Amino acid sequence: MKRSNLYSSLLLALLVISACNTTEQGKGAEKQPNIVVIYLDDLGYGDVGAYGATVLKTPNMDKLAAAGLRFTNGYATSSTCTPSRFALLTGVYPWRNKDAKILPGTAPLLIDTQQQTLPKMLKQAGYRTGVVGKWHLGLGTGHVNWNQHIAPGPNEVGFDYAYIMAATQDRVPTVFIENGSVVDAEAGDPIEVDYSKNFEGEPTGLDHPELLRMRWHHGHNNSIVNGIPRIGFMKGGEKAKWVDENMADTFLTKAQTFVREHTDKPFFLYYALHQPHVPRTPNPRFVGASGLGPRGDVIVEADWCIGEFMKTLEDEGLLENTLVIFSSDNGPVVNDGYYDDAVEKLGDHKPWGPLRGGKYSLYEAGTRVPFIVQWKGRINPGVSDAVVCQMDLLASLAGLTGQHSESSDSQNLLDALLGDTDQGRTELIVEASSRTALRKGDWVMIPPYNGPARNKQVNIELGNSTAYQLYNVKNDMGQQNNLAEAEPEKLKEMIDRYEAIRGQ
Ligand code: NG6
Ligand code: CA
């Protein structure tokens, strides 16, 4: 071979190899994008501009929707936090686990450490995994010593990194926990937590209303932290206690840092914001921002955090290689136990949008939530009416990353989530404080339940009735016309299917 020919052959070979590499990388990016779940706490279907809110402005959430796929039938499994988060992380219906209920801050870890989870599955696919924000899935095995390493917790169910609050911001302990250790804990000021009795000499919201800067409406009258009465009793840990108004910035910074530190390998980040759950304590920068009082202000604050977080992805050049899923753990509540002007300043804003009910409810506003999926360059912006559920992320993301889902509840809806089809689930059981209902096609069937029709304290219709309820939620989104009597065949079909699934 002539020397010039040899050179050209070598050059050609190099070109072929580099072309193959590019294709490989391209394929890898398609299969292994970074994955971020941005999860709000009690954000309602009607709280987001893209879902019809007009009084309340959410430009950054709207931007996600404008650049991504907005689901009109996106569901949490449950109308409260713990069961929804359980399903999100395990892909299993929460009603299969009798302990999947709103947990106190002292509850043991709800997820079995042997169980498959979303972060564990993604770790198998080579991902680095992190959780920042609200946990509320229990910690330890029953008697947590808050002054020692706390385990099992997020690190034992698949998260490489965890910066969390244990339960909710209205429950003690009011401290952050980073990889099993209370942040800023001091050996000389040990933390003690009890949900049944107070510690001697410690003031409570019930006994010392003069010490409060936020009054309790129902519940929330135990230990006082930062002038706010909480659920449960806590002693010690003065330096470790969070400043409520700084929580949003703290979680944002941790989420941004996680991204910046993991740009070399695919990552999965579960960014679980604490807004707009009670107590609503916007940073002073956001006080008055919404005109709707603290509930609106903390939604504006959360919206800002999301904008800043998305900027970080953009600045790191990751937008085109990151699948972002935005949703909420359950529907909205206006008065959830504190006097905070949310009721008085609500005006024309409808956190539940066109849906009936809210948090704690079996009606649609309990579980149908904002649900947006964005992947720049891969997902065509638009709106999808496919029924999708957060529980399906396990099987769908397993499908995306070439892994196997061990859950039979979680469905691989990757094509629907990426907008390649508008076919989602055909049926879904939704849950509200251990009561369940069936959505199948355009229909929702709620079996009879004892209990009040309305929770008067939070002023939300719960879905309880002595009779069967049957709604066509396509024609009657607000569930105003109970068709149980008019459509006996449909009702029977729904009851049969419901009983079959619940009996599985
Ligand atoms: C309820 C609390 C409520 C809220 C909820 C959990 C009372 C009276 N109410 O028990 O304020 O903390 O639990 O919300 O204590 S969730 O979004 O975490 O499910
Ligand atoms: Ca919640």
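Counting convention: from 1, in listed order, for ligands and their atoms alike. Values in this document were obtained by computation on a predicted structure and should not be read as measured data.
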Just need the protein heavy atom nearest to [atom], so name the residue and atom and give the distance.
atom: atom 10 (O) of ligand 1; value: R171 NH2, 3.3 Å
atom: atom 5 (C) of ligand 1; value: Y360 OH, 3.4 Å
atom: atom 7 (C) of ligand 1; value: H220 CE1, 3.7 Å
atom: atom 16 (S) of ligand 1; value: C81 CB, 3.2 Å
atom: atom 17 (O) of ligand 1; value: K359 NZ, 3.0 Å

Please list all pairs meeting ring pair (Phe, Tyr, Trp, His ring centres under 6.0 Å) that have one or both residues in residues 62-86, counting only residues at least two apart or in different chains.
F71-F371
Main-chain N/O of G49 paired with T58 side-chain donor or acceptor, under 3.5 Å:
yes
Is the side chain of E364 donor-acceptor paired with the backbone N or O of Q479 at a distance under 3.5 Å, no angle test?
no
Would you call [X] and [Y] a salt bridge, using N to O less than 4.0 angstrom?
X: R356; Y: D476; result: no
X: D340; Y: R295; result: no
X: D392; Y: R425; result: yes
X: D249; Y: R285; result: yes

Note: heavy atom closest to atom 11 (O) of ligand 1, options D336, D42, N330, D329, belongs to D336
Aromatic contact between Y45 and Y51, with the criterion being ring centroids under 6.0 Å apart: yes or no?
yes
Considering the heavy atoms of [X], write down every atom of ligand 1 situated less than 4.0 Å from one of them.
X: H136; result: 18 (O)
X: T168; result: 18 (O)
X: T80; result: 19 (O)
X: I231; result: 15 (O)
X: K134; result: 16 (S), 17 (O), 18 (O)
X: D170; result: 3 (C), 4 (C), 11 (O), 12 (O)
X: D41; result: 17 (O)
X: H218; result: 8 (C)

CA sep, side-chain torsions, deciding dist, call: S79, N330, side chain to side chain donor-acceptor pair (under 3.5 Å):
CA-CA 5 Å; S79 60; N330 53 252; over 6 Å; no
side-chain contact (heavy atoms from CB on, under 4.5 Å) against E178, all qualifying residues, sequence neighbours excluded:
Y161, Y163, V183, K254
Take the Ca ion (ligand 2) and tell me which protein N, O or S atoms are nearer than 3.0 Å.
D41 OD1, D42 OD1, D329 OD1, D329 OD2, N330 OD1
Contacts of K101 meeting salt bridge (charged side-chain N to carboxylate O under 4.0 Å, His left out) (sequence neighbours excluded), chain-then-number -> none
Looking at OG1 of T90 and CG of L137, how far apart are the two atoms once the value is rounded to the nearest 0.5 Å?
9.0 Å
Can Y271 and L252 be said to form a side chain to side chain contact (heavy atoms under 4.5 Å, CB included), step by step?
CA-CA 8 Å; Y271 177 22; L252 171 63; 3.6 Å; yes
